[in-house]
There are 2 protein chains.
Amino acid sequence: MDTAAAIETAEDQLCCEPRGLPVLNAAEAHEAARILKALSDPNRLRLLSIVKAGDGGKACVCDLTEPLDLGQPTVSHHLKILVDAGLLEREKRGTWAYYSLVPGALERAASLITQL
Amino acid sequence: MDTAAAIETAEDQLCCEPRGLPVLNAAEAHEAARILKALSDPNRLRLLSIVKAGDGGKACVCDLTEPLDLGQPTVSHHLKILVDAGLLEREKRGTWAYYSLVPGALERAASLITQL
DNA sequence: CCTCCATATCGACAGCTGTCAATCTATGCG
DNA sequence: CGCATAGATTGACAGCTGTCGATATGGAGG
């Protein structure tokens, strides 16, 4: 219809002109959200902060349970999420488990936001 | 008690030496998580991406509903979350609502991660 | 005024998330 | 070996989150 076409054209000018710029696709968005979701909890942010401030960027679980005022299983749970997201790595030394930042991981996570 | 103090000292040497470095407190972590939570959903990341790629960093809802394959109320819901997080701003022009990136907001969000 | 259209809001609901208590695993020590 | 301790795993549960359909709101045009 001429009328419909005319209306559409008018609306395009007013509102919806098609563009061809690079936009995040569903798969990319899903992957980025997976990382950012790990960073979207206050206690996990504090865990990362404590680990980062720790000597040599390392901290054992006993350093982490107390200042967060959380149970030990809960801290273990959060640490697992951070490891699965590729932000922390776990190294077991004797009875203790030491967690450290994966080099560059935080910067990569931040660039997921700035490079949208 | 001397005994308790001695035990504490021994444990400190084994594992938990106190440090005085700047660590995210509960309030800071809560606030940072509030922003990052808004960024932790794939559809919201795509919304930001589309808005950013849009002409002049603006896009109206009609540009956003279709490529995400979501219902209009759902898109509206996500946009509200992004506005509440200070990432987008809304400008109503006639019947249409235009959303644009808040200048510097994405960079500030990213620095929440890098400056842990 | 009445109607159409774009957007927002509401109510409901399934699925996910953070937390804890209890239990399991494995390492170091006597 | 047997026990104590650090940490992980499991199960349960309340609260939050993303989604939709239905409805409300509010401007544009006849």
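As the structure is a prediction and not an experimental result, all values here were calculated from the model. Labels below follow one simple rule: chain letters A, B, ... track the order of the sequence lines, proteins then strands, and each chain is numbered from 1.
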Undergrad: Contact list please: residues 33-46 of chain A against DNA chain D, heavy atoms, distance less than 4.0 Å, in numerical order.
TA: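 Nothing qualifies; none.
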Undergrad: Identify the pairs formed between an N or O of the protein and an N or O of nucleotides 8-13 of chain C at a distance under 3.5 Å, and give each distance.
TA:
from   : atom 1 : to     : atom 2 : distance (Å)
dA8(C) : OP1    : R90(B) : NE     : 2.7
dA8(C) : OP1    : Y99(B) : OH     : 2.5
dA8(C) : OP2    : S76(B) : OG     : 2.3
dA8(C) : O5'    : S76(B) : OG     : 3.4
dA8(C) : N7     : Q72(B) : NE2    : 2.7
dA8(C) : N6     : Q72(B) : OE1    : 3.4

Undergrad: Please report the distance, rounded to the nearest Å, between CG in D63(B) and C1' in dT7(C).
TA: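 Atom CG in D63(B) sits about 14 Å away from atom C1' in dT7(C).
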Undergrad: Can you tell me how far C1' of dA8(D) sits from OH of Y98(A), to the nearest Å?
TA: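 It is 18 Å, rounded to the nearest whole Å.
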Undergrad: Side chain of I81(A) only, please: which of dG7(D), dG18(C), dT19(D) is the nearest?
TA: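 Per side-chain heavy atoms of I81(A), the pick is dG18(C).
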Undergrad: Taking NE2 from H30(B) and P from dG18(C), how many angstroms apart are they, rounded to a whole number?
TA: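 From H30(B) NE2 to dG18(C) P: 13 Å.
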Undergrad: Rounded to whole Å, please give me the gap between CG in L82(A) and P in dG18(C).
TA: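 Going from CG in L82(A) over to P in dG18(C) covers 10 Å.
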Undergrad: Between R34(A) and K37(A), is there a side-chain heavy-atom distance shorter than 4.5 Å?
TA: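 When only atoms from C-beta onward are counted, R34(A) and K37(A) do not touch, as no gap falls below 4.5 Å.
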Undergrad: Counting side-chain heavy atoms from CB outward, which of dT19(D), dA6(D), dA6(C) is closest to W96(B)?
TA: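 When the side chain of W96(B) is considered, dA6(C) is the closest of dT19(D), dA6(D), dA6(C).
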Undergrad: Would you list the atom pairs, donor with acceptor, under 3.5 Å between side chains in residues 100-116 of chain B and any protein atom, with sequence neighbours excluded?
TA:
from    : atom 1 : to      : atom 2 : distance (Å)
S111(B) : OG     : R108(B) : O      : 2.8

Undergrad: Using atom CG of L64(A) as one end and atom P of dA6(D) as the other, report the distance to the nearest whole Å.
TA: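 These atoms are roughly 14 Å apart.
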Undergrad: Without decimals, in angstroms, what is the distance between D84(A) CG and dA8(D) P?
TA: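 In whole Å, dA8(D) P lies 12 Å from D84(A) CG.
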